[in-house]
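For reference, the structure discussed in these notes is given below.
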Amino acid sequence: MNPFAPLLEAKGHVLLDGGLATALEHRGHDLTSELWSARLLIDAPDEVTAVHDTYLRAGADCLTTATYQATVPGFARVGLERREAERTLRSSVEIAVSVRDRFLAEGNALETRGGERLPPIVAASVGPYGAYLADGSEYDGRYGLSDADLRDFHADRFRLLAGAGADLLACETIPSAQEAAVLLSILDGTPGAWAWLTFSCADGRRIWDGSPIETVVRLCHGRERVAGVGINCTDPRHAGELVRRVRSESDLPIVLYPNSGEQYDAVSKTWAPPRDDPDSMTWLEGVRAGWDVGARVVGGCCRIGPEDIAELRALLGCGDWST
């Protein structure tokens, strides 16, 4: 069964968490390492635990692991041997699952319209090849690699995370049609695994490699274990148009978690304010625009923290959003 199905049937939506790195930075951590938030899996796993717990208590229905930028080669660059790198990857899922299980043991469960008590779900983050490069290439997608190269990069991590106990995988911030096709092929060859695919987009029509969003959504047609498809880490002003285009091509649950609209500089690893644009939107306005045209798995990406997720949770509980 699609891992989103029980929540969608009982609540009418799934509330994702926000930026893990954002919350860690707010707790005082320097994430300028090439491993980004994954560095904390080595140095301070208790801090990852604390952030997951904060998002659950803010109302998130789904926790996403600290593996967006985590890979065996990436861990090797900082001195971990292969076995330890694999153990660290698995630990990311174990941390999230343990937080979820403790949350339930305390008597907590997710609110539903029909009174049913449901557990939150855990998604193992699978970032693009560009995240491993740590140079902003996930906002380009033109890696110059063959399908075989990309498959070699993704396959072991994908299967390791798929077997670590998560409910599904979050193949996120995908910037290229080529990479999406490779990830879907790996999913097809991983029995029992479910995944969502979300694309990082340059505007209201195209992902970063120039492919129309409709083209990459069509790649998901006929795939038995694609849980949802949509958009993440994209300027919120494009959210409504992109979701409308996704809905025109797919009946899958639409996933939407834009960033704050701020601009990231991959060289300085700093954020600049959003563009001064008459069409600009706040993150919450972008989520609402996507909701209005069909997104039902919603949350936040970079620069969106637990307080933002709590605000969205409150709005989703109001009649204007939940009907």
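Excluded from the calculations below are hydrogen atoms, water molecules and symmetry mates; all remaining heavy atoms, backbone and side chain alike, are included.
- Considering CH2 of W36 and CG of L31, their distance stands at 8.0 Å, rounded to 0.5 Å.
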Practice item. May I have the step-by-step check of salt bridge (charged side-chain N to carboxylate O under 4.0 Å, His left out) for E214 and R218, ending in yes or no? Key: CA-CA 6 Å; E214 294 92 339; R218 284 186 211 114; 5.8 Å; no
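- Going from atom CG of L312 over to atom CG of L16 covers 9.5 Å, rounded to the nearest 0.5 Å.
- Residues forming a ring pair (Phe, Tyr, Trp, His ring centres under 6.0 Å) with F75 (at least two apart in sequence, or on another chain): none.
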Review point. What's the verdict on salt bridge (charged side-chain N to carboxylate O under 4.0 Å, His left out) for R245 and E249, showing C-alpha distance, side-chain angles and the deciding distance?
Key: CA-CA 7 Å; R245 290 174 178 272; E249 294 292 335; over 6 Å; no
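- Donor-acceptor pairing under 3.5 Å is recorded for the side chains of E172 and S125.
- With sequence neighbours left out, Y143 forms a ring pair (Phe, Tyr, Trp, His ring centres under 6.0 Å) with Y129.
- Once rounded to the nearest 0.5 Å, the distance linking CD of E86 with CG of L160 reads 5.5 Å.
- R82 places no side-chain N or O within donor-acceptor distance of the main-chain N or O of A76, the cut-off being under 3.5 Å.
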Quiz: residues 189-196 side-chain donor-acceptor pairs under 3.5 angstrom, not counting sequence neighbours:
unit_1, atom_1, unit_2, atom_2, d
T190, OG1, I186, O, 2.7
W196, NE1, Y257, OH, 3.1

**Study point:** Worked verdict on E84 versus R87 for salt bridge (charged side-chain N to carboxylate O under 4.0 Å, His left out)
**Key:** CA-CA 5 Å; E84 182 63 11; R87 189 204 65 76; 3.1 Å; yes
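- S185 and D188 form no side-chain donor-acceptor contact under 3.5 Å, judged by distance and modelled atom types alone.
- Between D209 and Q178 the shortest side-chain heavy-atom distance does not fall below 4.5 Å.
- Taking CG of L169 as the reference point, atom CG of L187 lies at 8.0 Å (rounded to 0.5 Å).
- For the side-chain contact (heavy atoms from CB on, under 4.5 Å) with D61, the qualifying choice from L316, V297, V14 is V14, the only one to do so.
- Cation-pi contact between R77 and Y132: present, with separation from the ring centre below 6.0 Å and deviation from the ring axis of at most 45°.
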Exercise for review: Applying salt bridge (charged side-chain N to carboxylate O under 4.0 Å, His left out), run through R57 and D53 and close with a yes or a no.
Suggested key: CA-CA 6 Å; R57 296 182 190 283; D53 183 72; 2.9 Å; yes
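- For the pair S176 (side chain) and E179 (backbone), a donor-acceptor distance under 3.5 Å is present.
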